[in-house]
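Ligands are counted one by one from 1 in listed order, and the atoms in each one are counted from 1 as well. Atom set for the values below is all heavy atoms of this structure, side chains included, hydrogens, waters and symmetry mates excluded.
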Amino acid sequence: MAALGITIALLVWVATLLLISILKQIYSSWKLPPGPFPLPIIGNLLQLDLKNIPKSLTRLAEQYGPVFTVYLGSRRVVVMHGYKAVREVLLQHKNEFSGRGDIPVFHAHKDRGVIFNNGPTWKDIRRFSLSTLRDYGMGKQGNEQRIQREAHFLLEELGKTQGQPFDPTFLIGAAPCNVICDILFRKHFSYNDKTCQRLMYMFNENFYLLSTPWIQLYNNFSHYLRYLPGSHRRIMKNVSEIKQFALEQAKEHHMSLDPNCPRDFTDCLLTEMEKEKQSAEPMYTLDDVAVTLADLFFAGTETTSTTLRYGLLILMKYPEIEEKLHEEIDKVIGPSRIPAVKDRLEMPYMDAVVHEIQRFINLVPSNLPHEATRDTMFRGYVIPKGTVVIPTLDSLLYDEQEFPDPEKFKPEHFLNKDGKFKYSDYFKAFSAGKRVCVGEGLARMELFLFLSAILQHFNLKSLVDPKDIDLNPITIGFGSIPPHYKLCVTPRS
Ligand code: HEM
């Protein structure tokens, strides 16, 4: 009798807890944007194509409108789709949605550094990084000279291929890698340096794996999947090895640090760390310094490198566009002087091509996840603190009104009828607002200068008929990953 009583009491207790949890769920969803009904545990997984989540989100936006809710597993996510909603979230509600959504595969960097930091130190580390990058970007030894110097090395390496086919991944990638290395560590790698090759290999592998279906699944079900074998372990291993490299650089710098005469970004961070030691709540340990360096190193290399590599593939498919670029370069720069930033003003076609490459390749289609920092009223909905918010970038870059035939590569998307460069506020490849890309200025300069320098000296030659070049990404997730290919370059003179 007593056992029956206890069993009934337990059942009532469990039922009450369940009811409370359901009521809580209903209450917190009451004022959320609309969306498909989620199933327990898997959420809206059945409505999403893991091979192309950005496309699934576009499909859901057609059904539920520009602001909708989906559940990735048990994670509540509010998606913003289209110019107005994305702009509103990033620029009008910039503080409320400036948190960083959790990315489990990067837990080693969680709440440290810049990119994956959703903690109290993010604002200060970001501000410090931005102002230090700005200081190193300006003046005589600034980014323009840095990139021009690197362009010479790049051209030399390209010349060494002697018209033979080569894979551009690491040859082209070494240029942006060296630029950010110079800023961070005052270090220059030769193009066949083993450490440099290994680092670039890991950046490249991580960017690829992050965009595969398994990692989309892992990032939303990491509680269940973390003990299984799989490529998430490979990413974490790479993340740890990259951080270890940054830590060694930081330690080496620390030994010869002269706070009055910083040599590079690392010295500036270390000087800040030393100053902070006296304060009650120091922001930096050597480990935090390493995470910040690793963030900038990875983000500063792989994004620009992939854009350049994808860009060259596109130009091989459209030789008539390459030809027009050669003509503009010959007219404005000539054959011998290294391209300079000031040339951009007189090179609207190149400017338009670079923008169109970034628009077309749609490098980070769903942006990085943001997070609501407090309960926020948005268009009559209430988005609770802690909700992941995705201000999609592809919805702007592929807007049919702003960029007619968005699926086609057309530099005219950024040219007016007089052939002048046409600005578009829909061009948000670097996002906007409080979390806007820290390296936007540097990346833009690199893309313009490196591409101009390559085309000033070389013709691109595809190994297959240009018509047969497939520009579709091999996988889409975190990023859009270009197909592997080889090309030849032949000197123009
Ligand atoms: C073509 C090149 C690049 C593209 C398309 C790109 C794009 C982006 C995007 C979309 C974000 C997310 C913004 C958001 O959360 O709203 C981002 C963040 C970031 N990017 Fe870039 N990026 C590029 C190059 C660079 C470079 C060269 C650096 C380093 C100097 C860099 C450093 C960062 C950092 C540190 C963040 C995190 C900012 C934060 O969370 O506060 N990026 N980038």
Side-chain angles (χ1 to χ4, degrees), residues 54 80 86-87 89-91 93-94 97-101 103 106 109-119 121-134 136-137 143 146-147 150 172-173 175-185 203 207 210 265 291-311 354-355 357-371 388-394 396-397 427-451 478-480 482:
M80 311 291 168
V86 169
R87 222 175 167 274
V89 141
L90 293 176
L91 297 169
H93 289 268
K94 47 189 174 194
F97 298 121
S98 65
R100 176 63 79 218
I103 308 181
F106 277 105
H109 284 209
K110 191 174 159 62
D111 294 344
R112 298 148 88 200
V114 188
I115 307 178
F116 308 102
N117 197 338
N118 191 34
T121 56
W122 165 70
K123 226 179 224 165
D124 287 324
I125 300 180
R126 180 182 162 101
R127 195 181 306 124
F128 182 81
S129 300
L130 266 175
S131 73
T132 311
L133 283 176
R134 203 168 297 140
Y136 277 94
N143 285 339
R146 196 170 273 124
I147 299 166
E150 193 55 43
I172 301 283
C177 181
N178 267 330
V179 169
I180 192 76
C181 254
D182 188 55
I183 297 171
L184 298 179
F185 313 120
F203 296 157
F207 198 43
L210 275 169
F265 189 95
V291 170
T292 306
L293 292 171
D295 273 0
L296 291 167
F297 195 14
F298 166 66
T301 301
E302 196 49 34
T303 46
T304 313
S305 159
T306 308
T307 306
L308 284 170
R309 187 165 81 253
Y310 221 149
V354 171
H355 278 77
I357 289 172
Q358 287 203 266
R359 184 201 71 78
F360 181 82
I361 71 169
N362 189 14
L363 191 67
V364 194
S366 301
N367 208 337
L368 265 68
H370 287 222
E371 193 177 290
V388 175
V389 174
I390 300 188
T392 56
L393 298 180
D394 57 351
L396 276 68
L397 299 174
F427 181 80
K428 295 272 184 278
F430 298 94
S431 192
K434 294 263 167 174
R435 283 273 177 181
V436 66
C437 174
V438 161
E440 173 170 358
L442 175 66
R444 280 171 179 265
M445 206 186 271
E446 287 187 72
L447 293 175
F448 176 79
L449 293 178
F450 284 140
L451 216 52
F478 183 84
S480 303

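Considering backbone and side-chain atoms alike, Trp122 places an N or O below 3.5 Å from some N or O of ligand 1. Between Thr307 and ligand 1, a contact under 3.5 Å exists for no N or O pair. For the pair Arg126 and ligand 1, the shortest N or O to N or O distance falls below 3.5 Å. Polar contact check, Arg435 against ligand 1: a nitrogen or oxygen pair lies under 3.5 Å apart. Note: no N/O pair closer than 3.5 Å links Glu446 and ligand 1 by distance alone.
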Open item on the list: Could you walk me through whether Leu363 and Phe207 satisfy the side chain to side chain contact (heavy atoms under 4.5 Å, CB included) test, starting with their C-alpha distance in whole Å, then the side-chain angles of each, then the deciding distance to 0.1 Å, before giving a yes or no?
Closed with: CA-CA 11 Å; Leu363 191 67; Phe207 198 43; 3.9 Å; yes
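Counting heavy atoms under 4.0 Å from ligand 1, residue Asn367 touches it through the side chain alone. Here Asp295 has no heavy atoms under 4.0 Å from ligand 1, in either its backbone or its side chain.
Counting atoms of ligand 1 from 1 in the listed order, those under 4.0 Å from a heavy atom of Ser431 are 13 (C), 14 (C), 16 (O). Counting atoms of ligand 1 from 1 in the listed order, those under 4.0 Å from a heavy atom of Ile180 are 30 (C). Atoms of ligand 1 lying under 4.0 Å from at least one heavy atom of Gln358, given by number and element, are 1 (C), 5 (C). Ligand 1 places these atoms under 4.0 Å from at least one heavy atom of Val114: 38 (C), 39 (C), 40 (O), 41 (O). Taking a cut-off of under 4.0 Å to the non-hydrogen atoms of Ala429, the atoms of ligand 1 that pass are 5 (C), 7 (C), 10 (C).
Under a 4.0 angstrom heavy-atom cut-off, Arg444 registers as lying outside contact with ligand 1. The closest approach between any non-hydrogen atom of Leu393 and ligand 1 is below 4.0 Å. Not close to ligand 1: Phe116, with no non-hydrogen atom less than 4.0 angstrom away.
Relative ring orientation between His355 and Phe427 is described as tilted, the plane-to-plane angle lying within the 30° to 60° band.
Atom 21 (Fe) of ligand 1 has Cys437 SG as protein N, O or S atoms under 2.8 Å away.
Here the straight-line distance linking atom CG of Leu210 with atom CD of Glu302 works out to 10.0 Å at 0.5 Å rounding. One finds the CD1 atom of Ile357 at 8.0 Å from the CG atom of Leu447 (value rounded to the nearest 0.5 Å).
The side chain to side chain contact (heavy atoms under 4.5 Å, CB included) test with Arg100 is passed by exactly one of Asp111, Asn117, Asn118: Asn118.
Side-chain atoms of Thr303 never come within 3.5 Å of backbone atoms of Gly300 as a donor-acceptor pair (strictly under, hydrogens ignored). With hydrogens and angles ignored, the 3.5 Å screen pairs no side-chain donor or acceptor of Ser366 with any backbone N or O of Thr392. At least one donor-acceptor pair under 3.5 Å links the side chain of Ser480 to the backbone N or O of Asn362. The backbone N or O of Ile115 lies less than 3.5 Å from a partner atom in the side chain of Asp295, making a donor-acceptor pair.
Partners of Arg126 according to the salt bridge (charged side-chain N to carboxylate O under 4.0 Å, His left out) rule, which considers only residues two or more places apart in sequence or in another chain, do not exist here.
Residues Val436 and Phe430 share a closest heavy-atom pair of CG2-O, 3.3 Å. Considering every non-hydrogen atom in both Gly113 and Thr292, the closest pair reads CA-OG1, 3.4 Å.
Counting only heavy atoms of the protein, atom 37 (C) of ligand 1 lies nearest to Ile115 CG1, 3.7 Å.
Taking 4.0 Å as the cut-off between side-chain N and carboxylate O, Arg146 and Glu150 do not count as a salt-bridged pair.
Residue-environment remark: NZ (Lys110) exceeds the threshold of 12 foreign heavy atoms within 6.0 Å.
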